[in-house]
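Here's the structure we're looking at; comments come further down.
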Amino acid sequence: MVERLGTLARTHTCGALTAGDVGTEVVLLGWAHRVRDLGSLVFIDLRDRYGLTQLTARDDAALVEAAKRVRSEFVVAAVGRVERRAADAVNPKMPTGEVEVVLRELRVLAEAKTPPFQIAEDAAASDETRLRYRYLDLRRPRMQQNLLLRHRVTLAVRRYFDAQGFLEVETPVLTKSTPEGARDYLVPSRVHPGQFYALPQSPQIFKQILMIAGVDRYVQIVKCFRDEDLRIDRQPEFTQVDVEISFATEELVFGVVEGAMREIFRVVGREIEAPFRRMSYQEAMARYGTDKPDLRVGMPIEDLSAVFADSTFDVFRDAVASGGAVRGIVVPDGARSSRRVIDELVEQAKALGASGLAWVRAPDGTVQGSILKAAGEATLRAALDAAGATSPDLLLLAAGEPAAVSRMLGQLRLSIARKAGRLKPEDLAFLWVVDFPLFEWDGAERRWVSMHHPFTSPREEDLGRLESAPGEAHARAYDLVLNGSEIGGGSIRIHDPELQRTIFRLLRIGDEEAKERFGFFLEALEYGTPPHGGIALGVDRIIMILAGEVPIRDVIAFPKTTAALDLMAGSPSPVDPRQLDELHIRTVAKADGPGDR
RNA sequence: GGGGUCGUAGUUCAGUUGGUUAGAACGCCGGCCUGUCACGCCGGAGGUCGCGAGUUCGAGUCUCGUCGACCCCGCCA
């Protein structure tokens, strides 16, 4: 039977009571976490987002009967007196374990069906079940922690940027499809048949227009939408701290962001060191095989082409002669590895696309290795020296097209470090990756495309050869990387309309198209645009790292599955044909609707 | 778009070469218990083996299709 809350008001939360409250009459409201029925003595652990408190029903037969009827996840009101537990009944595992509330009255405010999984147990439910009953999953302490952390981080971000003179301005969610980039989510217009809004991939153009509008320092914690396939750290809608600054240089942006990261990490009680390390894109790609190196471990990729250019080992010699490279990584203390372990590395390298992987070591001064006969001891000794390998180390070598070799060794490096337990979550390796190319060649479309986005300023020294050597131009773009994860990216923008038109021309975005798609922006640029630049920080990924959570889903209250479904709400879903009529839309594909689950 | 792993009780899983009545743990229901806190003890209920075809005397098990979850590649300015 369900009873009324009536005039009962909560006096304390379930995490609040301590020995100092003994003797106090309290009213607690929460969920029955666990019920322990000992006959004429019943314990109920009452839970809210602040903690657990033990309720005790005894002596009063009617009250004990009422407590016996309570089931998991019932919502109850508890009225009683705080009492100190006997010394042998104290629970040191609970913050409230020194006391209990001896019930005078117990009201069941809401009954609950038996939950599909136990809230009291951590994990032990499939993603599918958790997502379908997200409101139950979110009741679990771990998820509550994540929600709280997220709240505190966004609060710290707002405080910090406010103190720095930034203004939070909201930009439209119903906006216009932006050029290039990811696939847009589209929203049909009812009023304008056949026309569509797009949900923002980022508020890029709007924040630049805010600079033109004189906002000077803009920040927004904002949802962004990209209709691309999902990953463990990627959701179709995600949150950014979007930042734009007038009269900005790279140094100014870096300083502001480093300050923001300092405040964010203070939320979890950590002091970080700034300024952050910087590395060129070229170095990152060559020495770590990725544009987001995880610098918690060393093991950079060494180029050993010179050592093998004239060697007797024809595979490596020929690779160098035909424009390839011989590169390697030094595995610290790898010399003791068993043959089985090394064979596994070779297999792994092949699985990553390598034609082979050679290894060299000299544990007791004697050179050993898979290519000892072919390359000779002197050459291998030179290779060990050039790579900086000492006797306890193992040198792994591969040859081929330089970028491909580095990519493979980069993946091998991460895998080795992970297996060795050297990627510790408590270590923090921040890195600015800079000097990105301005353009990439799109072989399929046979044209240049922006590596960052088309509003990114080229470096001044590249302006003269933009048209003659677009592939060699560098962008004033930067990414912020933390522990191998890209947590931010931005650039100094183009503020000169003439240069912006040149870039569009190079991207083969015709005048007509440019005018149609963002003519308003080109026009705005003509009215006195301050030099400006900014960045967007990935809130979800930052929270992931702070919380030590791996799937990004676990730091988002209502995430989507890898098939971009909301299993709780059941979206997307077919709509009433009348809605489609109003929107002037006729569908071609037949919607399957939610699966037959 | 491609590749991989998985789908069996409310939940998490086991299930041998295709063979009688599909098991375990937790949860759930009932009983006993005044100091439990993952309470304990006794008893019980609970299954469209994701869905649909096919092979077979016989399918949880094999084949094909389909739906869904997860991970990776492509994609993600």
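Here is how names work: the chains are called A, B, and so on, in the same order as the sequence lines, proteins then strands, and each is numbered from 1.
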Polar pair under 3.5 Å, donor/acceptor by atom type, side chain R85(A), base C37(B): yes
Short side-chain N/O contact from R34(A) to OP1 or OP2 of C39(B), under 4.0 Å: yes
Interatomic distance where CZ belongs to F225(A) and C1' belongs to C75(B) [whole Å]: 20 Å
Counterpart base for G74(B), defined by Watson-Crick or G-U wobble contacts under 3.5 Å: none
Salt bridge (Lys or Arg N to Asp or Glu O under 4.0 Å) assessment of R71(A) paired with E111(A): CA-CA 8 Å; R71(A) 296 287 178 266; E111(A) 298 185 341; over 6 Å; no
Between S415(A) and Q348(A): side-chain donor-acceptor atoms closer than 3.5 Å: yes
Over all atoms of both residues, closest heavy-atom pair of S40(A) and V64(A): O-CG2, 3.8 Å
Rounded C1' spacing from U56(B) to C75(B) in Å: 45 Å
Nearest-Å distance once atom C1' is located in both G46(B) and G40(B): 24 Å
Contact list for RNA chain B against residues 471-489 of chain A - heavy-atom distance below 4.0 Å: none
Atom pair distance, as rounded to whole Å: CZ in R36(A) and P in C41(B): 16 Å
Nearest-nucleotide comparison on RNA chain B, the residue closer to the 5′ end among T561(A) and E228(A): T561(A)
Any S126(A) side-chain N or O less than 4.0 Å from OP1/OP2 of G7(B): no
Base C76(B) to side chain D229(A), donor-acceptor N/O within 3.5 Å cut-off: no
Euclidean distance, atom NZ of residue K68(A) to atom P of G31(B) [Å, nearest integer]: 9 Å
N/O donor-acceptor pair, side chain R234(A) with base C76(B), under 3.5 angstrom: yes
Candidates C70(B), C28(B), C37(B) - which lies nearest the side chain of T562(A): C70(B)
5'-most by nearest nucleotide on RNA chain B - P551(A) or L230(A): P551(A)
